[in-house]
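Per chain, numbering begins at 1; letters A, B, ... match sequence-line order. Only this structure's heavy atoms are used, side chains among them; waters, hydrogens and symmetry mates stay out. Because the structure is a prediction, the values reported are computed rather than measured.
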Amino acid sequence: MPWSILEYLRKNPEILRESLKKRFMDVSLVDKAVSLDVEWRRLLTEVNNLRHKHNLISQQIPKLSDEERRIKIEEAKELLKTIESLEKRLDEVEKARDEILLSLPNLVHPSVPVGPDESYNIPVRVWGKAKVYHEFLNDFLKYTEGQGVKMDYEVINWRPVGHADMLENVLKLGNTLKAAEVASSRFYYLFDDIVWLDIALLLYAIDYLTSKGFKLVLPPYMLRHQFMAGVIDLNTFKDAIYKIEGEDLYLIATAEHSLAALHAGEDIPEEDLPLLYVGVSPCFRREAGAGSRDIKGIFRVHQFHKVEQFAYTLPEQSWEVFEMLISNAEELFRGLGLPYRVVNVASAELGSPAAKKYDLEVWYPAQGRFRELVSCSNCTDWQSYRLRIRYLRRKGNVRDYLHTLNSTAIASTRTITAILENYQTPDGVVEVPKTLRKYLEVFSRAPKDYIHPVRKG
RNA sequence: GCCGGGGUCGCCUAGCCUGGUAGGGCGCCGGCCUGCUAAGCCGGUGGGGACACCCCCGCGCGGGUUCAAAUCCCGCCCCCGGCGCCA
């Protein structure tokens, strides 16, 4: 039972209340869970005692004479009626308790800034030299020095074209209007050089992480409800997840989901930990709560490709691995030459599974703001409890829930938008980041140095 | 999709027909013994509640029959083999 949340519920519910407060959630959930748990334990003891009585009678029956047997069977039947009604009550209480328990978010780590929205995110690091259009200079300084970090920049006097216009109207290598007609909005057709770019970005991330010892995985793109529910919370389910009609299958919104399910129900020997995986998959997202935000272009779409880092660790390793995952992501973006800041995400923006989250946000010169390209979370034992994944320590026969972590390595379409804004020149040409060239060289028709706008014929 | 075989406490396996407290082997943990190791012996090795004794639940999952289900019945999942279909 050493799931941290259940343990605190019984031993120190105040910790849970504090954590819910930090997330700006209803604290009364804890009190409900505590009283239901007390009631559950009381009923369980009562039922167990009666079941014991019934077992004793059952065991006597085969040894008795016919006459005595009839009497005992009647007695057992009477007892069963009482047990059944109590069991029904026990079952109800247990279901009610578990429903609350499974709806509780992870405990917020002490180092997480407390705040109701993303404006409370705290920048922890910056890298690179941002191209800042003079009209955006105030905003840029607000997001950097205004929040306590100093970032290198150069002021430019031409306004870059937004990524959506670059794709659709300047390079003419994407068609979201036709995709909207045949699929719906937030879908896209991409062509030629942008497709090569998508592939090269994936290869780049896969190459980097496998060379660091991560095990490469091509996972299932769909999961059963039971396993999906083990990885995400109800809100994510509602807003992000597509269901296959008529089947108990759900499209993954990230390889994280399949990678977390990879060891569901298993006990992993401690000497095998940490387990480091790099998954590559398409990601499907309903974006149900997004309204008309980022409706243009391919920044926020229903499907994209992503290379994902996933780790299973011992509880005492997870914070160290957490820093390792974000630094891997940072290294990838330094390789791409995209200027970024890393923020420690505010408590209310964490999402239920995470105890702490870093976002890596790249500077977008045409939009004049930082935008999230990487999300790195330590889910501690929140997912492993639901999926029943434990580590096994032979010394002392310890079996306990391990920690799971996940982080984007590279999400293809969003990274392409960042390249389109950061690598464009005033004449509409987009330079290909040098790191990607080795992954493009092998293809005869892939772009090598520049992506040029189509000339009007 | 159809037909047949199967799923037992980490692994292997007995029990199922003929209902009556789930047994054995291996591995692992702890102890005893021993100059050390090995062997040998003893105990433990699924979940939960009280945590001192103890008790309940657990044989792929979910129902049913019964005083009593690993065992009988129904539905589902997965694995193996055959047939069909297929990139």
[atom1] spacing across the pair [N] / [M], given as an integer number of angstrom:
{"N": "B:A69", "M": "B:G63", "atom1": "C1'", "value": "13 Å"}
{"N": "B:G44", "M": "B:G10", "atom1": "C1'", "value": "14 Å"}
{"N": "B:G49", "M": "B:C42", "atom1": "C1'", "value": "29 Å"}
{"N": "B:G19", "M": "B:C67", "atom1": "C1'", "value": "12 Å"}
{"N": "B:C61", "M": "B:A50", "atom1": "P", "value": "25 Å"}
{"N": "B:G46", "M": "B:C28", "atom1": "C1'", "value": "15 Å"}
{"N": "B:A70", "M": "B:C16", "atom1": "P", "value": "14 Å"}
{"N": "B:G35", "M": "B:U21", "atom1": "C1'", "value": "46 Å"}

*Is A:R10 close enough and on-axis enough to A:Y8, meaning under 6.0 Å and within 45°, for cation-pi?*
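No, cation not above the ring by the 6.0 Å, 45° rule.
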With a cut-off of less than 4.0 Å, is there a side-chain N or O of [X] near OP1 or OP2 of [N]?
{"X": "A:R10", "N": "B:G49", "answer": "yes"}
{"X": "A:K72", "N": "B:C67", "answer": "no"}
{"X": "A:R224", "N": "B:C76", "answer": "no"}

_Run the side chain to side chain contact (heavy atoms under 4.5 Å, CB included) test against A:R89 and tell me which residues pass, sequence neighbours left out._
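Result, side chain to side chain contact (heavy atoms under 4.5 Å, CB included) vs A:R89: A:E39, A:L43, A:E92, A:V93.
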_Students often get this wrong, so: under 4.0 angstrom with heavy atoms, is A:R390 touching a base, only sugar-phosphate, or nothing?_
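Answer is sugar-phosphate: A:R390 comes under 4.0 Å of backbone atoms only.
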*So what does A:L79 touch, heavy atoms closer than 4.0 Å: a base, only the sugar-phosphate, or nothing?*
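Nothing, no nucleic acid heavy atom in range.
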Interatomic distance where [atom1] belongs to [X] and [atom2] belongs to [N] [whole Å]:
{"X": "A:L86", "N": "B:C56", "atom1": "CG", "atom2": "P", "result": "16 Å"}
{"X": "A:L392", "N": "B:G47", "atom1": "CG", "atom2": "P", "result": "10 Å"}
{"X": "A:D400", "N": "B:U45", "atom1": "CG", "atom2": "C1'", "result": "17 Å"}
{"X": "A:K11", "N": "B:A50", "atom1": "NZ", "atom2": "P", "result": "11 Å"}
{"X": "A:L56", "N": "B:C67", "atom1": "CG", "atom2": "P", "result": "18 Å"}
{"X": "A:L44", "N": "B:G47", "atom1": "CG", "atom2": "P", "result": "16 Å"}
{"X": "A:H54", "N": "B:C55", "atom1": "NE2", "atom2": "P", "result": "17 Å"}
{"X": "A:Q226", "N": "B:C77", "atom1": "CD", "atom2": "P", "result": "14 Å"}

Atom pairs, N/O to N/O, protein against nucleotides 20-23 of chain B, distance under 3.5 Å?
residue : atom : partner : partner atom : Å
B:G20   : N2   : A:S58   : O            : 3.0

*Nearest to the side chain of A:R41 - B:A50, B:C67, B:G48?*
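Ranking B:A50, B:C67, B:G48 by closest atom to the A:R41 side chain puts B:A50 first.
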_Side-chain heavy atoms of A:Y221 within contact of A:I252, under 4.5 Å_ =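 They are in side-chain contact.
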*Would you check if A:R186 and A:Q303 make a side-chain contact, meaning some heavy-atom pair closer than 4.5 Å?*
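No, side chains not in contact.
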Check whether any side-chain N or O of [X] sits under 3.5 Å from a backbone N or O of [Y] as a donor-acceptor pair, and report yes or no.
{"X": "A:R285", "Y": "A:A253", "value": "yes"}
{"X": "A:D381", "Y": "A:W3", "value": "no"}
{"X": "A:Y439", "Y": "A:W196", "value": "no"}

*So does A:E46 pair up with A:R42, basic N to acidic O under 4.0 Å?*
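Counted as a salt bridge, because a side-chain N and a carboxylate O are separated by less than 4.0 Å.
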*Hey, mind stepping through A:N175 and A:E168 against side chain to side chain contact (heavy atoms under 4.5 Å, CB included) and telling me if it holds?*
CA-CA 6 Å; A:N175 189 339; A:E168 202 115 0; 4.0 Å; yes
*Given that A:R51 and A:D267 both sit by RNA chain B, which one's nearest nucleotide is further toward the 5' end?*
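Nearest-nucleotide comparison on RNA chain B picks A:D267.
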*Starting at the 5' end of RNA chain B and moving along, which residue's nearest nucleotide shows up first, A:W40 or A:N55?*
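Here A:W40 is the residue nearer the 5' end.
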*Run the ring-centre check on A:H109 versus A:F322 and record whether the distance is less than 6.0 Å.*
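Centroid distance A:H109-A:F322: not below 6.0 Å, so no.
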*Can you spot which of A:E256, A:Q383, A:Q309 makes a side chain to side chain donor-acceptor pair (under 3.5 Å) with A:N406?*
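Looking at A:E256, A:Q383, A:Q309, the match for A:N406 under the side chain to side chain donor-acceptor pair (under 3.5 Å) is A:E256.
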*Intra- and inter-strand pairs of RNA chain B in dot-bracket (Watson-Crick or G-U wobble, both distances under 3.5 Å; | for another strand)*: ((((((((.[[[[.)....(..]]]]((((((.......))))))((((....))))..[[[[[..)....]]]]])))))))....
